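Below you'll find the structure, written out as structure tokens, and then a few comments.
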Amino acid sequence: MAAPATPVERGGARHVSSHTWTEGADWFGGFSGIELSSDGETLRVLTDRGYLATARVERQDGQITNVALTAVERLRTSKGKKLAGRVADSEGLAIAPDGTLFVSYEGVHRVAAHSSASAPARVLPRPQAFRDLESNGSFEALAIDGAGRLYTMPESNRLEDGRIPVWRWDGQRWTMPFSLAQVDGFLPVGADFGPDGRLYLLERDFAQIGFRSRLRRIDIATGREDELLRTRLRRHDNLEGVAIWRGADGRLRATMISDDNFLSVQRTELVEYVLPE
């Protein structure tokens, strides 16, 4: 019997760069959220232990050559104390035009607003549906649209029909405007709205010896979805955060970061793809 063929990458995205980022600090690692400036040069990343780092991304001929750390801060609770323990499981990051940081959390399922990393958190209302989520499968993905509305979805909690619930915060209340199909075991771990106004969803599948990643684009107005990328097993590390931006050449780009789970066998990897329009 012939051995099965090795899975190949699918979708119209084109890989342009991978870079392993290292720092000799105890806090470094576990990155699950990422935001980039519109020119792709200023990076803000969130660890799953409540640290927010800022860095400068250096490129040459479109390839990432260095990531230079410029600042690291620790997020605060609503009482102004440094996050620690179960409440510090920060996962998704979205930044409003006025600089407000929105962070989604597992452990205690919530989304909080931080006027700055060192400012006390303002926890958004938590409906009962949030409180009922499983302990390690809630809000890894968080994105903000052009109207300032937040979108989040649980990693592993599903509706009765098996679909992924998408929750939206309009500044007053949470609603569930739509849901998404779960595809081939991929779980949502990162999200961002691109400069084109469409929602980009990063998904992950774990297969014991490594990870597969999937990136899909959703036009919320029409409901149209496109699979832009599906990687083969172990093509990249554990990609959990995604930022969409437009390069100087006018092409859309996806920059993704991996969560190394603070394990020596994994790495913090920055990966970039050029996306089709």
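Quantities reported herein were computed from a predicted structural model and do not represent experimental measurements. Throughout, residue positions are numbered sequentially from 1 according to the sequence presented.
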Problem - From Leu159 atom CG to Asp161 atom CG, the distance as rounded to the nearest 0.5 Å - result: 5.5 Å

Problem - Donor + acceptor pair across side chains of Thr255, Trp245 (<3.5 Å) - result: yes

Exercise for the section: For the residue pair Gln266 and Asp260, confirm or rule out a side-chain donor-acceptor distance under 3.5 Å. Expected result: no

Practice task
Check the surroundings of atom CG in Asp98: do more than 12 heavy atoms from other residues, nucleotides or ligands lie under 6.0 Å from it?
Solution key: yes

Exercise for the section: Give the cluster check for Phe102 versus Trp174: same hydrophobic cluster or not, with ILVMFWY residues linked at side-chain heavy-atom distances below 4.5 Å. Expected result: yes

Practice task
Output every pair passing salt bridge (Lys or Arg N to Asp or Glu O under 4.0 Å) with a member in residues 238-247, not counting sequence neighbours, ordered by first then second residue.
Solution key: Arg204-Glu240, Arg246-Glu277

Handout entry: Parallel, tilted or perpendicular: ring planes of His236 versus Tyr273, cut at 30 and 60 degrees
Key = perpendicular

Handout entry: Side-chain touch Leu252/Pro195, heavy atoms, less than 4.5 angstrom
Key = yes

Fill in the blank from the handout: Here the pair of heavy atoms bringing Arg253 nearest to Val274 is CZ-CG2, 4.1 Å

Practice task
Answer whether the closest heavy-atom distance between the side chains of Glu227 and Arg214 falls below 4.5 Å.
Solution key: yes

Exercise for the section: Report the residue from Phe262, Trp21, Tyr51 that forms a ring-ring contact (aromatic ring centres under 6.0 Å, His included) with Phe28. Expected result: Trp21

Exercise for the section: For the pair Leu124 and Phe130, evaluate side-chain contact (heavy atoms from CB on, under 4.5 Å) and give the outcome as yes or no after the intermediate values. Expected result: CA-CA 11 Å; Leu124 304 185; Phe130 287 15; over 6 Å; no

Completion exercise
Between the CG atom in Leu150 and the CG atom in Asp170, the distance rounded to the nearest 0.5 Å is 9.5 Å

Problem - Beyond-backbone contact of Thr42 with Leu36, side-chain heavy atoms, under 4.5 angstrom - result: no

Problem - Shortest non-hydrogen separation from Asp237 to Asp259 and the atoms involved - result: OD1-O, 4.0 Å

Exercise for the section: Of all the heavy-atom pairs spanning Ser17 and Gly62, show the shortest one and how long it is. Expected result: CB-O, 4.1 Å

Fill in the blank from the handout: Residue pairs meeting salt bridge (Lys or Arg N to Asp or Glu O under 4.0 Å), one or both in residues 122-148, sequence neighbours left out, come to Asp145-Arg149

Handout entry: Under 3.5 Å: donor-acceptor pair, side chain of His109, backbone of Leu133
Key = yes

Practice task
Treat each ILVMFWY residue as a node, draw an edge where side-chain heavy atoms are under 4.5 Å apart, and state whether Val57 and Val72 are in one component.
Solution key: yes

Problem - Donor-acceptor under 3.5 Å (Ser258 side chain, Glu269 main chain) - result: yes

Handout entry: Residues Arg56, Glu41: salt bridge by 4.0 Å N-O rule
Key = no

Handout entry: Cluster link Ile218 to Leu228, ILVMFWY, side chain under 4.5 Å
Key = no

Exercise for the section: Start with the C-alpha gap between Arg44 and Ile95, add the side-chain angles, then the distance that decides, and say whether side-chain contact (heavy atoms from CB on, under 4.5 Å) holds. Expected result: CA-CA 10 Å; Arg44 303 194 82 179; Ile95 303 178; 3.8 Å; yes

Practice task
Nearest 0.5 Å please: distance from the OG atom of Ser90 over to the CG atom of Leu142.
Solution key: 11.5 Å

Handout entry: Asp249/Arg251 salt bridge by N-O under 4.0 Å criterion
Key = no

Handout entry: same_hphob_cluster(Leu93, Val108) at 4.5 Å side-chain heavy-atom cutoff
Key = yes

Handout entry: Check: Phe139 ring centroid to Trp167 ring centroid under 6.0 Å
Key = no

Exercise for the section: Find out whether Tyr105 and Val87 are in side-chain contact, i.e. whether some heavy atom of one side chain is under 4.5 Å from a heavy atom of the other. Expected result: no

Exercise for the section: Working to the nearest 0.5 Å, report the span between CZ of Arg110 and CG of Asp89. Expected result: 9.0 Å

Practice task
Could you tell me whether the side chain of Leu229 reaches within less than 4.5 Å of the side chain of His15, counting heavy atoms only?
Solution key: no

Problem - Linked, directly or transitively: Leu199 and Ile144 (ILVMFWY side chains, under 4.5 Å) - result: no

Exercise for the section: Flag the pair Leu101 / Leu52 as yes when at least one side-chain heavy-atom distance between them is below 4.5 Å, and no otherwise. Expected result: yes

Exercise for the section: Mind listing the closest non-hydrogen atom pair of Ala112 and Ala121 along with its distance? Expected result: CB-CB, 4.1 Å

Fill in the blank from the handout: CZ (Phe31) and CG (Leu270) are apart, to the nearest 0.5 Å, by 9.0 Å

Practice task
Answer yes if the side chains of Arg158 and Gln182 hold a donor-acceptor pair under 3.5 Å, and no otherwise.
Solution key: yes

Handout entry: Exam field: side chain Ser179 to backbone Pro165, donor-acceptor pair closer than 3.5 Å
Key = no

Fill in the blank from the handout: For Val189 and Glu155, the nearest pair of non-hydrogen atoms, with its separation, is CG1-OE2, 4.1 Å

Problem - Euclidean distance, Leu202 CG relative to Ile244 CD1, rounded to 0.5 Å - result: 9.0 Å

Handout entry: Salt bridge Glu272-Arg59, side-chain N to carboxylate O under 4.0 Å
Key = yes

Handout entry: Derivation and outcome, side-chain contact (heavy atoms from CB on, under 4.5 Å), residues Leu215 and Leu275
Key = CA-CA 10 Å; Leu215 183 66; Leu275 305 178; 3.9 Å; yes

Handout entry: Salt-bridge criterion met for Arg216 and Glu225 (N-O under 4.0 Å)
Key = yes

Exercise for the section: Could you tell me whether Arg224 and Asp226 have a side-chain N and a carboxylate O separated by less than 4.0 Å? Expected result: yes

Handout entry: Lys/Arg cation over aromatic Phe186: Arg230, 6.0 Å, 45° cone
Key = no

Problem - Audit row: Leu46, Leu75, side-chain contact (heavy atoms from CB on, under 4.5 Å) steps and yes/no - result: CA-CA 10 Å; Leu46 179 72; Leu75 296 174; 3.7 Å; yes

Completion exercise
Heavy atoms of Val111 and Ser104 approach each other most closely as CG2-CB, 4.1 Å

Exercise for the section: Return yes when atom CZ of Arg234 has more than 12 non-hydrogen atoms of other residues, nucleotides or ligands closer than 6.0 Å, and no otherwise. Expected result: no

Handout entry: Side chain Thr231, main chain Arg235, donor-acceptor under 3.5 Å
Key = no

Problem - Glu160 atom CD, neighbour heavy-atom count above 12 within 6.0 Å - result: no

Problem - Heavy-atom side-chain contact between Pro188 and Ile164 under 4.5 Å - result: yes

Problem - Side-chain heavy atoms of Thr152 within contact of Trp169, under 4.5 Å - result: no

Problem - Residues clustered with Leu187, ILVMFWY side-chain links under 4.5 angstrom - result: none

